[in-house]
Amino acid sequence: MLADKRILLVVSGSVSAYKALELIRLLRKAGARVTPVLTAGGARFVTPHALQAIAGEAVHQDLWSLQAEAEIGHIRLARLPDLVAVVPASADLLAKMAHGLADDLATTLLLATDRPVLVAPAMNWAMWGHPATVANMAALAARGVRVVGPAVGAMAEAESGPGRLSEPAEILAAIEAALTAAGEGLLLAPPLALPLTGRHALVTSGPTHEPIDPVRYIANRSSGQQGHAIAGALAALGARVTLVSGPVTIADPAGVAVVRVQSAREMLAACEAALPAEIAVCAAAVADWRTAREAGQKLKKVPGEPPPPLELALNPDILATLSRHARRPALVVGFAAETETVVENAMAKRQRKGCDWIVANDVSGDVMGGAENTVHLVSAEGVEDWPRLPKAEVARRLAARIARAVTAP
Ligand code: CTP
């Protein structure tokens, strides 16, 4: 399959660049010719000498090299191969490709080529999960760029998650598959595998309304912003998301199935109906109490009579119910809205409710209904204090953490 095929191999900046050497060896063993192109970042991790020695061909590095331009020229170099492979593809190079930048030899070749392009991303899990990278990858996939990996596993920073460069043998197989598809006139990229592709996430959001009579209800100040942002961030990482939302005035997040409810009891029923799910995030500000008896008719003022008593009954606890459910999601995340001793209360709440993580937020200020949030992530491993962040950023970080937790080997 690879005999006499010519591969232009772009090596960009990543610790994993050394794996490109093994890929070249495999490609050559399979009969392919490999022309390496090294970016400035790539040259920090692997030397041109090593690439040249293993490829048995000159390494191209400089867009402005008079000699290289005279000998071959970058446009011809871009048209020469049967396939262009970017291994490893750094977040920066992918961003440049997505935006059509051409400020060095590698990006210029990638913009000038009319050949099939395959990328093997390699970066930290948080960079891979960042909405910017997610959007860049979606743009590249829509243009027919093929993607292999990234794999999930240990990273250079002693962290673990999705973002590891795929193994050379896997990349070799992907190159063969891309060449076969190209030979058959199929240039479209396969569906992009995002970190949470194939997982179901259940998210609760917003307040609940507990009716007193047909026109009055008990409610709270929750806007649904945080829960909706989390639902959107999980969907952006590829999850199938069911958002069970109390009454809110904000827009539905993109790519999410929304189930609208009013009361806590309706919210619980909708959540149980949505199971099974691998992930549950209870961000709703569920009313702890409802009226013991909902009046069938509007309560009337009677002159001379005292106000009617408001007797309350305890609502079901959705977070606690899901945490102890026969079909418990693998990761259950709750929120703790606290106004004092935030972390201590959250730790106790985590135990009491039986969930895995608690996102504790201090609601003593303008958090409820506001655009920002200061949170602490409380888990069995300890407490992480996050800086004050826009709610969308809290959502993005939490979704990336969730992706790491549920995809960890
Ligand atoms: N929660 C829930 N169902 C309820 C009450 C709360 O699912 N009936 C969830 C919330 O979505 C949140 C977490 O439980 O994830 C914590 O809610 P919070 O109101 O902060 O705590 P309470 O259980 O009300 O405890 P406290 O009275 O100490 O504030």
Side-chain angles (χ1 to χ4, degrees), residues 125-127 129-132 134 196 201-208 219-237 239 241 243-256 258 267 279-288 317-319 322 331-350 352-353 355-379 381-405:
W125 62 269
M127 294 167 83
H130 194 286
V134 172
L196 290 176
L202 169 64
V203 180
T204 70
S205 183
T208 60
N220 60 63
R221 292 186 199 285
S222 168
S223 64
Q225 281 185 74
Q226 188 64 84
H228 277 53
I230 292 165
L234 290 168
L237 293 186
V241 180
L243 173 62
V244 180
S245 175
V248 294
T249 54
I250 58 174
D252 292 348
V256 161
V258 184
M267 187 172 272
I279 302 153
V281 181
C282 292
V286 185
D288 288 319
D317 190 312
I318 298 163
L319 176 62
L322 292 176
L331 182 69
V332 181
V333 183
F335 271 70
E338 307 288 353
T339 53
E340 56 191 346
T341 48
V342 177
V343 169
E344 290 74 7
N345 282 343
M347 289 167 104
K349 197 165 285 179
R350 183 179 157 273
R352 202 165 62 241
K353 302 222 178 190
C355 59
D356 301 295
W357 300 351
I358 284 272
V359 181
N361 55 350
D362 187 339
V363 291
S364 52
D366 53 0
V367 165
M368 276 197 148
E372 295 192 322
N373 213 348
T374 309
V375 308
H376 314 269
L377 184 64
V378 178
S379 69
E381 278 80 52
V383 181
E384 265 178 41
D385 301 318
W386 291 7
R388 185 175 170 90
L389 294 167
K391 286 182 175 173
E393 181 63 15
V394 171
R396 190 189 68 74
R397 285 195 186 203
L398 185 65
R401 287 300 302 266
I402 289 171
R404 181 156 64 123

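Starting from 1, each residue takes its place in the sequence as its number.
- For the pair Val256 and Ala235, the tightest heavy-atom approach, listed with the atom from each and the gap, is CG2-CB, 3.8 Å.
- Distance check, rounded to the nearest 0.5 Å: CZ of Arg396 to CD1 of Ile230 gives 13.0 Å.
- A search for side chain to side chain donor-acceptor pair (under 3.5 Å) contacts involving Trp125 returns Glu159, not counting sequence neighbours.
- Here the closest heavy-atom approach between residue Asn220 and residue Pro207 is recorded as OD1-CB, 3.3 Å.
- Listed by chain and residue number, nothing satisfies the salt bridge (charged side-chain N to carboxylate O under 4.0 Å, His left out) test with Glu344 (two or more places apart in sequence, or in another chain).
- Using a 4.5 Å heavy-atom cutoff, the side chains of Val333 and Val359 are in contact.
- Thr208 is linked by a side chain to side chain donor-acceptor pair (under 3.5 Å) to Glu210, counting only residues two or more places apart in sequence or in another chain.
- Glu338 meets the salt bridge (charged side-chain N to carboxylate O under 4.0 Å, His left out) test with Lys349; sequence neighbours excluded.
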Evaluate the criterion side chain to side chain contact (heavy atoms under 4.5 Å, CB included) for residue pair Val363 and Thr339; output intermediate values, then yes/no.
CA-CA 5 Å; Val363 291; Thr339 53; 3.9 Å; yes
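- At distances below 3.5 Å, at least one donor-acceptor pair connects side-chain atoms of Gln226 with backbone N or O atoms of Lys391.
- The backbone N or O of His376 lies less than 3.5 Å from no partner atom in the side chain of Asp385, so there is not a single donor-acceptor pair.
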Kindly determine whether Trp386 and Val394 satisfy side chain to side chain contact (heavy atoms under 4.5 Å, CB included), including the steps that lead there.
CA-CA 8 Å; Trp386 291 7; Val394 171; 4.3 Å; yes
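- Put simply, CG on Asp362 and CZ on Arg388 are 9.5 Å apart, with the number rounded to the nearest 0.5 Å.
- Taking Ser205 as the reference, His228 meet the side chain to side chain donor-acceptor pair (under 3.5 Å) condition, with sequence neighbours excluded.
- From Ile318, atom CD1 reaches atom OG1 of Thr204 across 6.0 Å, with rounding to the nearest 0.5 Å.
- When all heavy atoms of Ala336 and Ile358 are compared, the pair lying nearest together is CB-CG2, 3.7 Å.
- A donor-acceptor pair is defined here as one N or O able to donate and one able to accept, closer than 3.5 Å; no such pair exists between the side chain of Asn373 and the backbone of Val375.
- Nearest heavy-atom pair, Ala405 versus Leu331, reported as atom, atom and distance to 0.1 Å: CB-CD2, 4.3 Å.
- Side-chain atoms of Val281 and Phe335, non-hydrogen and from C-beta on, do get closer than 4.5 Å to each other.
- Side-chain contact between Leu234 and Ile402: present, with at least one pair of heavy atoms (C-beta onward) separated by less than 4.5 Å.
- Contact detail for Val248 and Ser223: the closest heavy-atom pair is CG1-O, 3.4 Å.
- The CD atom of Glu384 sits 7.0 Å away from the OG atom of Ser379 when rounded to the nearest 0.5 Å.
- Distance CG/Asn345 to CZ/Arg352: 8.0 Å, rounded to 0.5 Å.
- Residue Val203 is tested with Val241, Val258, Ile279, Val244 for a side-chain contact (heavy atoms from CB on, under 4.5 Å); the sole match is Val241.
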Going through the checks in order, is the side chain to side chain contact (heavy atoms under 4.5 Å, CB included) test met by Trp357 and Val332?
CA-CA 7 Å; Trp357 300 351; Val332 181; over 6 Å; no
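- Residues passing the salt bridge (charged side-chain N to carboxylate O under 4.0 Å, His left out) test with Asp288, sequence neighbours excluded: none.
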Stepwise side chain to side chain contact (heavy atoms under 4.5 Å, CB included) check, Glu372 with Glu393
CA-CA 9 Å; Glu372 295 192 322; Glu393 181 63 15; over 6 Å; no
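- Of all the heavy atoms in Leu243 and Gly227, the pair that sits closest is CD1-O, 4.4 Å.
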